[in-house]
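Some notes on the structure that comes next.
First the proteins, then the strands, lettered A, B, ... as listed; each starts at 1.
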Amino acid sequence: MGIQGLLQALKSSGQPINVSEYKNQKVAIDTYGWLHKGCIQCAAELAQGIPTAKYIQFVMHRVNLLRHFKVIPVMVFDGGFLPMKKETEEERRRNREHNVQKAMELLRSGNRSQAEDFFQRAVDVTPLMAHSLMQTLREEGVEFFVAPYEADAQLAYLARTGYVSAVISEDSDLIAYQSPRVLYKMDKFGNGLEIQMVRLPMNKDLNFNHFTPTMILTTCIMAGCDYLPGLPGIALKTAHRLVKQYRSIECILQILLAESKYSFTPQDLVAYASKFQQAMRTFHHHYVYDPTTRTIQNLTPCPDTEGHVEGDWDFLGHRMDTATARSVCEGYANPYTYELYSTEPTADARLYRSHSGRRLSGQDPRESVAAAPLNSVELMGQRKVTSFFSLAAPPAVAPAAPALPQSQATRAEFKAPRPKSPEAGDLALATAPGPCGAKRLISDAADAEPAPAKRKRVRLSRYFAVLQDDTSPGNAEFD
DNA sequence: GCTCAGTCGAAAT
DNA sequence: TCGACTGAGC
Ligand SMILES: [Mn+2]
């Protein structure tokens, strides 16, 4: 899942920072990642349907860490699944069911610790659990959205439009979706590794100097992604080298056909070309929810020539109508079935409420948030926060939520830097690609470069030409 | 040096 | 929801 090996390869351009650097700014959180971590400690309860609030506590602990630093969290949940990912989803589900079976058997035979092991492997975040967390977030006045489909795309949209300053996630796909800043591997103290798009040209092992956004995405897809497995024998390093040398997918596929090291047939590559285009479009035009207009948008708008003329865009999923989108994306309806949730608090949400109430006894919770003493937090050498418990207190009374509340349009003064506007930067212009010669730069001199292929002399450009819409590298470079 | 499939891990005791 | 690591194999 994700782009295999990408984060590892981008380490050198990352910067260790603490989340407090986003003070007074909004930050979007890949919530399912936190939820999964929070579910491990209560895996057995969840698998057996025993109410628990531990996973909510885990997430809220981190939410409160951010709030302590005056960082404004915007929680983002995954929504529906794309037809393209259906197979891997069902495989995951079968795997989980198998693990639950095994765990239950072990439990019946009295082997509790081994059962625990299998329960943990069976962890699944259900829409109901997500909904329980959403109810809690609503009570606590924390902004959140449910993505129409992948949270990755929604997170990138929020960051790219400047609605938030950065994204917190573990997912390498955020690079493919071109989120300008991502904080990876954030621990419970708020320390993590920030990767910024604008710093990719300074990366060491894989050098992205002179790469356009489309070239970066081409590299990611060729390396193997959720929407398309890589070609056999080609992964991140090779994909990167090919894109660096030949820039566009059309040229790369022509070169690969001639490359005797690989024995790709024209049929292989033509089939791949078409799937590649679909993957490219799935990243590019993914459905997202715009919190300002409260409507569905494409991550990058579809040009007029595409869409209607060329027919089948079902791989993007259903385009919800606006009323449905507001219910789903603001957390009032199930993202799979579109059925409205009951407004009754779930068992888990009530459990969390009663537990946090216990911690609060004797205090006015609103005051404890506002007047929490800063000296309860110690910043030590490596910026480690040792305690922020006094901040864990949530407001007991949430402002009554209207059936479909207005999204908070209030924007922090600190507007995120916006390296490029989505409509200008990301749309590849439909310019005809140049000839497919290897591009040689002074900075490339050290790189090994095989002789340009000149063997089979097969003309496939007319097959690959279909790709030109989305994949020509005719957009601005980063520097 | 690169790819790939398999295993382990995420929490917190 | 995901990644890191390892060792085999080219
Ligand atoms: Mn992803």
Per A:Met1 side chain, nearest of listed nucleotides B:dA11, C:dC2, B:dT3: C:dC2
Side-chain N,O (A:Gln8) to OP1/OP2 (C:dC5) below 4.0 Å: yes
Protein-nucleotide distance (A:Phe119, atom CZ; B:dA10, atom C1'), rounded to Å: 19 Å
Whole angstrom value for the distance that separates C1' of B:dA10 from OH of A:Tyr32: 17 Å
Flag for A:Tyr341-A:Gln135: side-chain donor and acceptor within less than 3.5 Å: no
Crowding at CD, A:Glu339 (>12 non-hydrogen neighbours, <6.0 Å): no
Nearest to side-chain heavy atoms of A:Ala235, which nucleotide of B:dT3, C:dC2, B:dA11: B:dT3
Main-chain N/O of A:Asp268 paired with A:Thr265 side-chain donor or acceptor, under 3.5 Å: yes
d(CD1, A:Ile175; C1', C:dC2) in whole Å: 15 Å
Distance in angstrom units between A:Lys37 NZ and B:dT13 P, rounded: 17 Å
Touch class at under 4.0 angstrom, heavy-atom based, for A:Asp78 against every strand present: sugar-phosphate
Sugar-phosphate, base or nothing in reach of A:Asp117, heavy atoms under 4.0 Å: nothing
Side-chain N,O (A:Lys185) to OP1/OP2 (C:dA4) below 4.0 Å: yes
Spacing of A:Leu193 atom CG relative to C:dA4 atom P, expressed in whole Å: 11 Å
Sugar-phosphate only, base, or nothing, as touched by A:Glu150 at under 4.0 Å among non-hydrogen atoms: sugar-phosphate
Length of the line joining A:Gln4:CD and C:dA4:C1', which is rounded to integer Å: 13 Å
Euclidean distance, A:Ile17 CD1 relative to A:Met186 CE, rounded to 0.5 Å: 10.5 Å
Distance, rounded to the nearest Å, where A:Ile3 contributes CD1 and B:dT3 contributes P: 14 Å
Nearest-angstrom distance from the residue atom CZ of A:Phe77 to C1' of C:dC2: 17 Å
N/O (side chain, A:Lys237) to phosphate O (OP1/OP2, B:dC2) under 4.0 Å: yes
Touch class at under 4.0 angstrom, heavy-atom based, for A:Thr238 against every strand present: sugar-phosphate
First encountered from the 5' end of DNA chain C, between A:Gly33 and A:Lys11: A:Gly33
Distance-only donor-acceptor test (3.5 Å): side chain A:Gln120, base B:dA11: yes
Touch class at under 4.0 angstrom, heavy-atom based, for A:Thr31 against every strand present: nothing
Sugar-phosphate only, base, or nothing, as touched by A:Lys54 at under 4.0 Å among non-hydrogen atoms: nothing
Touch class at under 4.0 angstrom, heavy-atom based, for A:Arg121 against every strand present: nothing
No-hydrogen, no-angle side-chain donor-acceptor test under 3.5 Å, A:Tyr55 and A:Asp348: yes
A:Gln15 atom CD, over 12 foreign heavy atoms within 6.0 Å: yes
OP1 or OP2 of C:dG3 under 4.0 Å from side-chain N/O of A:Ser172: yes
Nearest-neighbour nucleotide for the A:Leu7 side chain, C:dT1, B:dA12, C:dA4 considered: C:dA4
Sugar-phosphate only, base, or nothing, as touched by A:Leu35 at under 4.0 Å among non-hydrogen atoms: nothing
